[in-house]
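Heads up, the thing below is written out as structure tokens.
Note that these values count all heavy atoms, side chains included, but never hydrogens, waters or copies made by symmetry. FYI, the numbering just counts along the sequence from 1.
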Amino acid sequence: MFANLKAQPADTILSLAKAYREDPRAEKIDLGVGVYKNAEGVTPVMRAVKKAEQQLWEVESTKSYVGLTGDPAFSDVMVDLVLGDSVARANVAAAATPGGTGAVRQAFELIKMANPEARVFVSNPTWPNHVSILGYLDIEHVPYRYFDAETRGVDFDGMMADLKTAKAGDVVLLHGCCHNPTGANLNLTQWQIVVDILLDTGAIPMIDIAYQGFGDGLEEDAAGTRLVASSVPECLIAGSCSKNFGIYRERTGILMAVSADASQQPLNQDTLAYLNRQNFSFPPDHGARLVTMVLSDPDLRADWAAELEEVRLGMLDLRTQLAGELQRLSGSDRFGFLAQHRGMFSRLGTTPELVEQLRAEHAIYMISDSRMNIAGLNAQSVPILAKAIIEAGV
């Protein structure tokens, strides 16, 4: 049996991380792996999460299973965090998943179960795992234009032209905020135009919101998702707690299915439970329990929100510093887009050859498509990166 297995393509990001670890140069800079790090290069445990863990250790009396879709209290706090009062809670089915990736996978499984002929429209570019999972599940995906390599902003006209080709029953995958890998985002006016096209075509939106709170703020980052959910007959939302709670290794995510009619919710909820059972049975609870505790306790929630805001503003400050240093060195504002992008990532819009040159000559590691993790920088490394970018002729 094993002799029939074929080697799979190496994961680009993991291969890059390995190369970085093995690089002996002292001033190397890691802008590859999509994990938040502070100025010391550490992914910290957030204060509120640490306090919740201490409380949980005191009161937790069992490690038994919780339920096929996780603790309903986790679903409640996450639906409130992502959707607020934009839709009635009774219209939302929700299930805990192993991380945001688990939520994306379960959403694709649900799409295939509901409509095997559905095509999934994905932004070009998008998070590579979107396309990888769709390919593995043998679901047709259709790229739509998104990133303008000239302006380093959203190619909105191209995006709209491509989305108008979607048909009823197709699915349009959208990034809720902090687009990965480009950092270029839609404004609320553009979100409304997307909604109008979805209503015209009958296509169903699926929103992957993995970075709420990393862009313009918790409420602001959810605005597009809330507009969509309140405007269309039904949608899917895949959420992640890895970034905004800093609990990457706890694998805490959620999938929501929003319908216009509350009478549809029980069937949707049963379907999510069935899909979980077929994939991993019961989802992990530890991270979900911590998130529930933090969001349910006013003091913990306030402390969490304050620390998350510190993280967000820190990344914005790094963006401003980098854009300013590049403007000083280049004498032009062609890198101003870095200050306009949001979230951890920005795409420089340069060639794989120049990215390789940055690695070989300057020990700067980023994905070959020029996606870089802004959180991999600090005040000391910003000038080093800026100088290397100018010297490489980016």
Side-chain angles (χ1 to χ4, degrees), residues 78-94 103-104 107-108 110-111 114-115 118-124 126-127 130 141-148 153-180 182 184-212 215-239 254-262 264-265 268 342-343:
M78 286 302 296
V79 170
D80 177 69
L81 181 69
V82 176
L83 292 173
D85 60 1
S86 61
V87 298
R89 176 65 182 91
N91 292 22
V92 186
V104 169
F108 290 161
L110 186 150
I111 291 165
N115 180 9
R119 302 176 298 168
V120 177
F121 282 63
V122 297
S123 65
N124 181 21
T126 191
W127 180 48
H130 287 151
H141 74 274
V142 180
Y144 61 83
R145 282 169 284 179
Y146 186 84
F147 186 65
D148 187 327
V154 177
D155 177 7
F156 192 66
D157 290 341
M159 178 183 179
M160 294 304 95
D162 291 344
L163 292 190
K164 287 177 181 177
T165 67
K167 300 175 182 177
D170 286 338
V171 174
V172 175
L173 176 56
L174 301 158
H175 295 228
C177 62
C178 306
H179 186 271
N180 180 5
T182 70
N185 297 301
L186 302 176
N187 59 43
L188 209 53
T189 300
Q190 292 170 328
W191 274 106
Q192 182 60 62
I193 296 172
V194 170
V195 166
D196 293 340
I197 289 178
L198 291 169
L199 293 172
D200 287 343
T201 62
I204 301 162
M206 172 182 163
I207 300 174
D208 186 353
I209 182 164
Y211 301 94
Q212 186 181 354
D216 291 310
L218 280 168
E219 295 299 303
E220 294 84 352
D221 289 349
T225 300
R226 293 174 181 179
L227 176 63
V228 172
S230 63
S231 303
V232 301
E234 54 189 28
C235 71
L236 293 168
I237 301 168
I254 188 165
L255 175 60
M256 307 175 201
V258 184
S259 54
D261 188 343
Q264 180 66 39
Q265 193 271 357
N268 292 349
R342 289 294 183 268

### Query
From C177 SG over to I207 CD1, what is the distance, rounded to the nearest 0.5 angstrom?
10.5 Å
### Side-chain heavy atoms of Q265 within contact of N268, under 4.5 Å
no
### Query
When rounded to the nearest 0.5 angstrom, what is the spacing between OG1 in T225 and CD1 in I209?
4.0 Å
### Query
How many angstroms lie between atom CG of N124 and atom CE of M159, to the nearest 0.5 angstrom?
12.0 Å
### Query
Nearest heavy-atom pair of I254 and A103: which atoms, and what distance?
O-CB, 3.3 Å
### Query
Less than 4.5 Å apart, any side-chain heavy atom of V232 and any of I204?
no
### Message
Quick check: do M206 and V120 have side-chain heavy atoms less than 4.5 Å from each other?
### Response
no
#### Entry: Smallest separation among heavy atoms of L199 and S231, with atom names
CD2-O, 3.6 Å
### Query
What pair of heavy atoms forms the shortest contact from G224 to L188, and how long is it?
N-CD1, 4.1 Å
### Task
Look at the side chain of Q264 and the backbone N and O of E234, then say whether any donor-acceptor pair between them is shorter than 3.5 Å.
no
### Task
Output the distance between atom CZ (R342) and atom CD (E220), rounded to the nearest 0.5 Å.
10.5 Å
### Message
Using a 3.5 Å distance criterion without hydrogens, assess whether the side chain of D221 forms a donor-acceptor pair with backbone atoms of D216.
### Response
yes
### Query
Just wondering, do D170 and F121 contact through their side chains at under 4.5 Å, heavy atoms?
yes
### Message
As an exercise, state the distance from CD of E219 to CZ of R226, rounded to the nearest 0.5 Å.
### Response
4.0 Å
### Query
What closest approach, in Å, do D162 and P143 show between heavy atoms, and which atom pair accounts for it?
OD2-O, 4.5 Å
### Task
Could you tell me whether a side-chain N or O of N185 sits under 3.5 Å from a main-chain N or O of C178, the two making a donor and an acceptor?
yes
#### Entry: Distance in Å, D196 CG paired with W191 CH2, rounded so as to fall on 0.5 Å steps
13.5 Å
### Query
What is the minimum heavy-atom distance between T201 and A166, and which atoms define it?
CB-O, 3.5 Å
#### Entry: T189 backbone acceptor or donor facing Q192 side chain under 3.5 Å
no
### T126 side chain near Y144 side chain, heavy-atom distance below 4.5 Å
no
### Message
So which atom in D155 and which in G158 form the shortest heavy-atom distance, rounded to 0.1 Å?
### Response
OD1-N, 3.1 Å
### Query
Considering only heavy atoms from C-beta outward, does the side chain of V172 approach that of V194 to under 4.5 Å?
no
### Query
Taking the side chain as C-beta and beyond, is there a heavy-atom pair between I237 and V258 under 4.5 Å?
yes
### Message
Please check this pair: side chain of D208 against backbone of H175, looking for a donor-acceptor N/O pair closer than 3.5 Å.
### Response
no
### Message
Counting C-beta onward and ignoring hydrogens, is there a side-chain heavy-atom pair between D148 and F156 closer than 4.5 Å?
### Response
no
#### Entry: Side-chain donor or acceptor of N180 paired with backbone N/O of W127 under 3.5 Å
no
### Query
Can you say whether the rings of H179 and Y146 are parallel (under 30°), tilted (30 to 60°) or perpendicular (over 60°)?
parallel
